[in-house]
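Note sheet for the following structure.
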Amino acid sequence: MKVLVTGGMGYIGSHTCIALHKAGITPVIYDNLSNASVKVFDQLFTITGERFDYVIGDIGDEAMLTKVLKEHKIEAVFHFAALKAVGESTEQPVNYYQNNVAKTLTMLKVMSKLDIKKIIFSSSATVYGEPQYLPIDEKHPISSTNPYGWSKVMVEQILKDLAQSDEQWLTIALRYFNPVGAHESGLIGESPKGIPNNLMPFIAQTAVGRRDCVSVFGDDYDTPDGTGVRDYIHITDLAAGHVDAFLHHQKGAGQTGTDTGNHAYNLGTGQGYSVLEMIKAFADASQKEIPYTLAPRRSGDIACNYADASLAETNLGWRATKTIEDMAADTWRWQTTYPNGLE
Ligand code: NAD
Ligand code: UFG
């Protein structure tokens, strides 16, 4: 079976291609390279021994998408392609809605026309907005605090409406908590452009000497050590979650084959770690001192966020298995092999 992986050269998409390949599903990568390097392709070959087909294209390009979906006889789409920087989204809301929502609509129209009615969508814990209770389960009210987050809320709603309007559609939204880590080979990983916004790449770049010091944004939260707590999930566990979700619903619960309808799952570990715990885990893995300073809270941040991921375990048989030690060690391997990313 062949599936299209939009954004397949990116951080999460590339790791998911490996997981798909392992499961005997052939990924066809479709990426406009706006935030990825084509060198990922060679790295995937080194890791898997397989040269995946890839197309440099935009999900808003109806003609190109139609051609690729038809030519490869694609049966489902794993949809990672999106812009993802929260801060940038508040400065460029139109770009974010255009890329993440409008172009997804174009893609869904093409899929409908070609009768390809299965999609696995990269959503985010950001769709829960300010947590009203912890751990967060899938019944938690949906909201957001920035255009990036709203773009995820909107696409989720579109997928829900689509599944309701046509009973042949299978739409699965996977709500990621905080993806970190890298493939155990050290050949692919996260390589943000410019100064990293996220904690883990910032720590990694500090350990390798690209940054002087980590700023810890707030030490006066109502958490055990006063710093922010998040549910970090290893990228390999996250990638496996996509395959498990797809295969579970593809196989179908009943006698009639593939499930249909709309489904949403949290992908997290259920365990929260603080900023200081992450710094310590990384210092241990790298055997480096990680200099840090205490800084004011970052605007828009919440104290604590972690998942109730039991629905994914019950329904899909999936659970995260990697520890923060694995997350730190694998990030460090990637960071030291490619200190400046693949470029
Ligand atoms: P990424 O930027 O590494 O990957 C996204 C890929 O999509 C990039 O390779 C980019 O070139 C491509 N792309 C963007 N717009 C495109 C378009 N119009 N047409 C074709 N390709 C396009 O990001 P990632 O971290 O791998 O994230 C993947 C998905 O997961 C995104 O939808 C993101 O919003 C979501 N997500 C990420 C996180 C995270 O912390 N990384 C958390 C929650 C959700
Ligand atoms: N932090 C620091 N210093 C830094 C960066 C982050 O102390 O240099 C702290 C933050 O204050 C927070 C924690 O580290 O307490 C994690 O911050 P990240 O920026 O790594 O992650 P967030 O939880 O803020 O955001 C992530 C994604 C968003 C997504 C959100 C919810 O980046 O896209 O998770 O899923 F919306």
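The figures that follow rest on heavy atoms only: side chains count, while hydrogens, waters and symmetry mates do not. In listed order, ligands and their atoms are each counted from 1.
Residue N146 comes nearest to G149 through the heavy atom pair OD1-N, 2.7 Å, listed as atom of the first residue, atom of the second, then distance.
Contacts of A125 with ligand 1, taken as heavy-atom pairs under 4.0 Å, are absent altogether. Neither the backbone nor the side chain of E190 comes within 4.0 Å of ligand 1, counting heavy atoms alone.
Near ligand 2, residues V86, S124, A125, T126, Y148, Y176, F177, N178, N197, N198, L199, S215, V216, F217, G228, R230, Y232, V275, R298, D301 come within 4.0 angstrom through at least one heavy atom.
Ligand 1 does not have H79 within reach: every non-hydrogen atom of the residue lies 4.0 Å or more from it. No heavy atom of F121 sits closer than 4.0 Å to any atom of ligand 1.
For ligand 1, the polar-atom distance check finds no N/O of L83 at less than 3.5 Å from any of the ligand's N/O atoms. Residue S123 places no N or O, backbone or side chain, under 3.5 Å from any N or O of ligand 1. Residue contacts with ligand 1: Y176 is placed with no nitrogen or oxygen under 3.5 Å of a nitrogen or oxygen of the ligand (distance criterion only). Residue S124 places no N or O, backbone or side chain, under 3.5 Å from any N or O of ligand 1. Geometrically, ligand 1 and K84 share a nitrogen or oxygen pair separated by less than 3.5 Å. Any N or O atom pair closer than 3.5 Å counts here, and G60 shares no such pair with ligand 1.
For atom 22 (C) of ligand 1, the nearest non-hydrogen atom of the protein is N32 OD1, 3.1 Å. In terms of protein heavy atoms, atom 26 (O) of ligand 1 is closest to I12 N, 2.8 Å. Distance from atom 1 (P) of ligand 1 to its nearest protein heavy atom, with residue and atom name: N35 ND2, 3.8 Å. In terms of protein heavy atoms, atom 9 (O) of ligand 1 is closest to D31 OD2, 2.6 Å.
In this structure, CG on D326 lies 14.0 Å from CD1 on I235, to the nearest 0.5 angstrom. Between the NZ atom in K39 and the CG atom in L33 there is a gap of 12.0 Å [rounded to 0.5 Å].
Distances below 4.0 Å separate heavy atoms of N99 from the following atoms of ligand 1: 15 (N), 17 (C), 18 (N). The ligand atoms of ligand 1 that sit less than 4.0 angstrom from a heavy atom of A82 are 5 (C), 7 (O), 14 (C), 15 (N), 31 (C), 32 (O). Of all atoms in ligand 1, numbered sequentially from 1 with element shown, those under 4.0 Å from a heavy atom of L33 are 11 (O). If you number the atoms of ligand 1 from 1 as listed, the ones under 4.0 Å from a heavy atom of S34 come out as 10 (C), 11 (O), 13 (N), 14 (C), 15 (N). Remark: ligand 1 atoms within the under-4.0 Å shell around heavy atoms of K152 are 31 (C), 32 (O), 33 (C), 34 (O). Residue D58 has at least one heavy-atom neighbour below 4.0 Å for each of these atoms of ligand 1: 17 (C), 18 (N), 19 (N), 20 (C).
We find that E190 and K84 are joined by a salt bridge, their nearest charged nitrogen and carboxylate oxygen being less than 4.0 Å apart.
Ring pair Y30/H79: centre-to-centre distance not below 6.0 Å. Taking the six-membered ring for Trp and the full ring otherwise, the centers of H15 and Y11 sit less than 6.0 Å from each other. Under the 6.0 Å cut-off for aromatic ring centres, Y265 and H248 do not qualify, their centroids lying 6.0 Å or more apart.
The salt bridge (charged side-chain N to carboxylate O under 4.0 Å, His left out) analysis of residues 234-248, with sequence neighbours excluded, yields no pairs.
Between the side chain of D231 and the backbone N or O of A307, at least one donor-acceptor pair lies under 3.5 Å. Formation of a donor-acceptor pair under 3.5 Å by the Y96 side chain with backbone atoms of T90 is not found in this model. Judged purely by atom type and a 3.5 angstrom limit, T6 uses its side chain to pair as donor or acceptor with the backbone of F80. The backbone N or O of D284 sits less than 3.5 Å from a side-chain atom of Q287, completing a donor-acceptor pair.
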Test side chain to side chain donor-acceptor pair (under 3.5 Å) applied to E277 and Y232, step by step: CA-CA 11 Å; E277 285 173 316; Y232 297 94; over 6 Å; no
